[in-house]
Structures are given as C-alpha cells and as structure tokens.
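Here the structure is laid out as structure tokens; the discussion comes afterwards.
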Amino acid sequence: MDNTIKHSLFVLLFALLGLGFWLSADFKTIVAGIAVFVFGMLSLQKGFKFFTGGVLERLLRNATDNMVKRLLFGIVTTTLMQSSSLLSVLVISFISAGLLDLTAGIGIIFGANIGTTTGAWLVAGFGLKVNISGYAMPLLVFGVLLHFAKRKSYQGVGHILLGLGFLFLGIQYMKDGLDAFKGNIDLSQFAMTGLSGLLTYVLLGIAVTVVIQASGATMVLIIAALASHQISYENALALAVGSNLGTTITAVLGAFGANIKGKRLAGAHVLFNLFTGVLAIVFLRQFIWLVDWLCDYAGIAPDDYTLKLAMFHSVFNVVGVVVMLPLSGLLARLLETFMREKTASVELPRFLTKSALQYPDTAVESVHQETRHLYENVTHVILRALGLHRRDVYSGQDLTEVIGQYPEIKDYDIDDAYERNIKGLYSAIIEFVSQARFTWEMKQSGRLYWLREANLKLVEAVKAVKHLQKNLLKHHRSYNRYQAEEYDRIRFQIAFVIRELRKIKDTEQVNELPLLTLDALKGRIKEQRQAAIEIIENLIRERKISAEAGTSLLNDSSYVYEIQSNLIRMAETVFINHAADSVKAEKELALTDHEMLAVIRPTQAVDHE
Amino acid sequence: MNKIKLMTRLEAFFNSDVKEEKKKVEEIKGVIKKLKAKQNKIKKMLEVCPDQDMKNALQLEVNIIQAQIDKGEAVLKNL
C-alpha cells in the first residue's frame, strides 16, 4: 500500500512536470535550473566524500571537544559543502561508533543549520549580481578534466569543481527562467498578506522543499523569484521559513535507514527546525525589524530584498541556535528517553533456574533440556537459511519433493536470528554450567562438560551455515544447472541429517538402537563428502562448471560436513541415554573411524594401513 | 542368617562378574538381533527402490550394519 502511494505520487509528479513543460518553456528553464542545481549539490557532496576518509574525520575527532568548536565545525563544513546531508551522515556514523555523543552531534547539527544559510548570502550577494554562468563554464571544464585523473584526490577536486559549476549554472537557469516567466505570467498578483498569506507561503515553502529534497535549491529559487519581483518580500520570508521546515522531511527520510542513534540525531534536527520555524512565524514582525536594523548597520540598501532575505534566513537560524544551545543536553536526554532502542525479543531459557543449581542431578537435567531447546532453535535457523521449514522436513514427505516445493531461498538474517534465538540461550547455558560444574562431584561435572561441548557444536553449526548461506543465495538459482543441482543436493543432505536426528531424538525412549543409527549416519555423511568431492572434480574436468564455481562448491561441501558432523556429535551427547544397558552394548558394536572407512572406501582404508 | 542364605550370598558375590558378562552377552545378542531385523528391512526397501542415489545410500547403510554385526559377533567370541 505504502509503495503504491509512493509510486502514484511519483507518476503524478512526472505528469505535472510534463504538463508544465508543454505549457511553458520558461517553466522548463526554471525546473531545469533546479535539476542542474541539485545535480551540482550531489556532485559537490560526492567530491567531498573523497576527502572524508581523512581530513574531515580527523577534524571531527579532534576539533569537536567543546560546543563552540562543534558549532564552528558545523558552520564551516556546511558552508564549504553547501549541504548538511553529508555532514549529518558523518556525524551519525561517529555517534553510532561511540566516538561522539548525542549532545556533541546536536551541536554540530546546530552549526550546520547556520552553515546552510551562507548559500543564500552567496546567491543573493554574488550569484544574482554577476553573470554567474560565466564562472560555471571554466569550472565545468576543469572539473571534467580532473574527473578523469587517476589520483583519487584529483578526482575529488574534479567533482567539487563540477559541483560548483553546476550550482552556478543552475542558479543562472533559475534566474533566467524567472525573468522570462515574468514577461508572461506575473506571479506577484498572487501575493498574500496577513496571517493567511504567511501560513500559505510557509506551507508552499514546505511543499517545494519536500519535492526538491534540498532546501538550498529552494532558497535559490526563492531568491531568484524575489529578485525578479515575482514574489513579495513578506511572502519570500514565509517561503524561507517553510523551506527550513521542509528540509526536516529530508532528515526524517534519511533517518529511516539509520540506527536509533541516527534517528535521535534526525529527531534533534526536526525539533530544532520546528522550533526555529515556529519562532520565526510567531515573532515575524520582530525579526523583520531586527533584519532591517542589522542590514542598516551592515550597509545593505533598504530595497535590497534578496540580501535582506539572506539576513533573515541567517538571523532566525542563529536566534534558534542561541535559544536551543543551552538546552542541547536536555534535548539529548529527552530524545534518549523517548526514542528508545527496540530490543529484539530474545528467547530466554526455559529450564535453567537458580534453584536447579543446588541439586546436581536437577542441574544436569536442566542443562540437558535447555540444550534440546537450543537444538530446536538451531535446526529452525539452519533450515530457514536453506529456504526450508521444519514442518515439511519433519513430515513424511519425500525430501526431494520438499526441496522442489521451495525452489526460491529468501535472504534470511542469520545474525538477527542468532541474536534472538540462539545467543541468549547459549550464554545462559554456559553461565549456568560455569557456575555449577566446579562445585560438584566428578560424575555430574563430566556430564556438564559434554553438554557444554554439545552446545558449542550447535553454535558452530550455525556459524557454518552462515558461511554456506552466502554462496547458496548466490548460486542456488544459477543458470548452470549442474551448479544449481549441487546446491539442491547440499540442501537435501543437511535436511536429511536433521530429519534423521529427529527420529533418533523421538525414539530414544523406545530403544531403537540410537547410537548405532547415529553411527550409520556418520558413515553416510562421510561417504557423501567423498562423493561430493568426486562429483565436483568431475564437473570441473568435464567443464560443466568453472574452476571458480567448483572451488566454491568444495568449500561449501566442507561447511555442509561441518554442519552435519556438529549436529551428530551434539546428538551423541544429548539424544542418547548413555546410562542405558542397551546403549552400553551398542557402544561395543560402534565402528571406529578406520572401520567406517573400510566400509565406505575399502581401498582407502587399505592405503591408510 | 542361616548357612544356606549365607552361602547363596557369597556365591552371588563371587559370581557377579560372570553374571555381568552374561548380561552383556545377552544385551549384545539383543542388539545384533535388532540390527539384523533392521538390515532385512533395509534390504527389502533396496529391492523396490527405483532411485539410484537412494539405492546407493541404502546399500551403504546395509554395509555399515553388516560391519556392526560382524564387530558384535567378534566381541561375543572374545567374551
């Protein structure tokens, strides 16, 4: 539904733009100017990214130890880059890494808000008063030349020059478009006064900024429109306030993909801009008076409305910072309180209790039960990574059919599943065993040792499936059918072991030779491994798969064996009742590795001798 | 405690190893019997199995069970 709305809005925007282009050539010039300007901003950001690995990060690390430095850092870097987005991303990454706290990040973002206002000064003071496109041309030429250089730093400078060139070109287009537009349509006839005018133009400023996704571009558009007398000074002020509010949408959208720390910083950005916006709306008269006084003091002509607009943009942001800066600590605490990290629902142990620690046999049984619980979670994770479900694997249905039912393997987040379903249980078991095992007699202590090892095997199996998942996702739908078949075989072999272990787990009570069945299963996985190596070597030899694909398959068959053998070794400890007389007898008949090899590969067993 | 009871208890004490061995033999025999039954069951499945891969897997299981039976019988001989 969400995507449908987005898609519809996108189509509507395209349609409106198409209609506008058809109706007015001047509109086309203005919109092209915005597009070129935004492209210039992106290029500028890309250029600065070439240097963020060094200078910017060093500065951020070393020059932000007090609030004044943080503010200055935000002002200077945003002035240079003409966009707060890149700085925000960098600050978010520093906060996430714990190199910067939220209060410090807020200080930098406050500075960035002042820094963005310098763009209006440059455009109003320089961009509209000279033929700016004359400067754009050489910048673009040098930018393209440097862009082709091999050295990264030159490429970075190339992008910055290209960015500036496009910014200048965009400004010129907007200016020209609005000048020509005036000849055809006089937008100033739509000028509105009073509170309704103020609010209408604030909303218009928000809307334009949300569409363009760059407040810098909106400000240039407002200044250009003001310079060509298409809008009144009061309405331009309202638009500037709206643009400041609209830019928070960009911050909110950017924070969707960020972690909670990034979201908090975006929250601070939103609150700051909302506060300054409301402040500017409520005290507009006072701000206008202050701007007039400051312009008079600075020697700006009373009718130079573009510079007065730039002054207004800076003044209300500076006032916002002055008011909000002492509250930044409080703001950080507020955001930390209300924007809490959603803790993933971690599965808790079911059988480990403090009281169980007091009785050795109960403690051993508790760990035993908890390990079985962990086993269930582990098999769930393994099968999901293989694109299968336990209910199908545990059913009586033919496994090849089951695998055929799920030809598509979805990207399953094993790390997340590990955190939620495995790590908590595993840690609890290890903690319980460590508390218990040194206090009791040897028998229970030895049993706990083996149970701990069994848990380790389960975790190792999950780690192996994580390694396997990478190639499985990449190649299971390969156009090379031999490769795809091998990955289906891998899925079958792991699912088969899990199905067999389920039978052993369920038959332990009814005494169906569980130990010797495991013995046979061990033999089967050893044989499968040998067979897999031979099959893969044949496929490479017959050029049915590439050597690279073959080596990946060989590595993956090792992971398969690791998963299988870890699960079987766990089952030997957890699913077999070693105290039962029949199991003791079974032990006498269990095959050694050499005896097993003699069954699987008689010739190899002789070679070993 | 009368003499007969005492003698019985002493005999049981001195024959406990033999008893345990006998029990072990019985247990192993029981396991071998189950293994043979299992092997026969798999052999029957093998006869009707149409899939070659499955056939190979079943044959391997039959061979492993046979090795386990052989080992069990060797253990029985030494007891």
Side-chain angles (χ1 to χ4, degrees), chain A residues 398-401 403 485-486 488-489 492-493 496-497 499-500 503-504 507 510-532 534-535 568 576 579-602 605, chain B residues 9 11-79:
Chain A
D398 184 78
L399 260 188
T400 316
E401 279 176 22
I403 286 160
E485 274 171 15
E486 284 311 302
D488 268 349
R489 194 195 299 273
F492 177 90
Q493 290 174 347
F496 178 80
V497 167
R499 177 180 272 191
E500 290 303 301
K503 288 179 197 163
I504 292 166
T507 56
V510 289
N511 196 13
E512 281 293 331
L513 305 177
L515 195 70
L516 291 177
T517 310
L518 272 184
D519 214 28
L521 201 54
K522 273 195 236 170
R524 179 159 176 165
I525 66 162
K526 275 187 178 145
E527 208 282 328
Q528 276 175 354
R529 194 187 182 195
Q530 290 292 326
E534 283 168 18
I535 290 168
I568 292 172
I576 311 285
D581 288 337
S582 62
V583 172
K584 284 177 189 163
E586 279 185 75
K587 275 183 192 164
E588 297 284 343
L589 277 65
L591 303 180
T592 62
D593 283 348
H594 188 260
E595 287 164 344
M596 188 63 82
L597 193 61
V599 180
I600 302 166
R601 298 278 145 125
Chain B
R9 283 201 176 181
E11 194 186 358
F13 177 75
F14 288 113
N15 288 341
S16 61
D17 275 0
V18 180
K19 259 192 174 175
E20 257 183 38
E21 211 160 74
K22 263 188 183 173
K23 197 180 167 193
K24 196 175 171 183
V25 167
E26 290 308 311
E27 286 288 353
I28 291 173
K29 277 182 181 169
V31 170
I32 291 173
K33 199 177 162 189
K34 280 180 189 166
L35 278 175
K36 281 182 177 168
K38 194 175 174 183
Q39 195 185 34
N40 285 334
K41 204 171 142 188
I42 297 169
K43 276 179 182 170
K44 275 179 192 162
M45 283 164 70
L46 193 57
E47 280 167 18
V48 292
C49 181
D51 180 57
Q52 191 53 45
D53 280 350
M54 196 63 195
K55 261 187 173 177
N56 293 344
L58 290 172
Q59 187 57 55
L60 178 73
E61 203 166 344
V62 168
N63 295 347
I64 291 172
I65 293 173
Q66 189 53 54
Q68 289 168 339
I69 293 169
D70 293 345
K71 191 172 180 182
E73 281 169 351
V75 172
L76 283 179
K77 267 185 193 170
N78 292 329
L79 284 173

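What you see is a predicted model, and the numbers here were worked out from it, not measured in a lab. Below, read A as the first sequence line, B as the second, and so on, with proteins coming before strands; counting in each chain starts at 1.
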Specify the closest pair of heavy atoms between B/V31 and A/A585, including all atoms of both residues, with the distance to one decimal.
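That closest heavy-atom pairing would be CG2-CB, 3.9 Å.
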Note to self: Restricting to non-hydrogen atoms, name the atom on B/E61 and the atom on A/A520 that form the minimum distance, rounded to 0.1 Å.
What the structure shows: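 Shortest heavy-atom separation between B/E61 and A/A520 comes out as CG-CB, 4.3 Å.
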_By side-chain contact (heavy atoms from CB on, under 4.5 Å) - contacts of B/A37 (at least two apart)_ =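 Residues passing side-chain contact (heavy atoms from CB on, under 4.5 Å) with B/A37: none at all.
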### Message
Restricting to side-chain contact (heavy atoms from CB on, under 4.5 Å), what partner residues turn up for A/Q493, sequence neighbours left out?
### Response
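side-chain contact (heavy atoms from CB on, under 4.5 Å) check on A/Q493 returns A/R489, A/Q528, A/V560, A/Q564.
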Taking only heavy atoms into account, what residues of residues 41-60 of chain B are found under 4.5 Å from chain A?
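The list, in residue order, reads B/D53, B/A57, B/L60.
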Hey, which residues of residues 64-78 of chain B are touching chain A, say heavy atoms under 4.5 Å apart?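 Near chain A, by residue number: B/I64, B/A67, B/Q68, B/K71, B/G72, B/V75.
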Using side-chain hydrogen bond (donor to acceptor under 3.5 Å, both in side chains), reason through B/K38 and A/T517 one step at a time and then give a plain yes or no. CA-CA 10 Å; B/K38 194 175 174 183; A/T517 310; 3.0 Å; yes
Spatial distance of atom CD (A/E586) from atom NZ (B/K34) [nearest 0.5 Å]: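 Those atoms lie 7.5 Å apart.
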### Query
Non-hydrogen atoms of chain B under 4.5 Å away: do they reach the side chain of A/A531, the backbone, both or neither?
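No part of it gets close to chain B.
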Please classify the contact of A/E588 with chain B as side chain, backbone, both or neither, using a heavy-atom distance under 4.5 Å.
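Contact with chain B: backbone and side chain both.
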When only pairs under 4.5 Å are counted, which of A/L521, A/L516, A/D519 shares the most heavy-atom pairs with chain B?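 Top count of heavy-atom pairs under 4.5 Å with chain B: A/L516.
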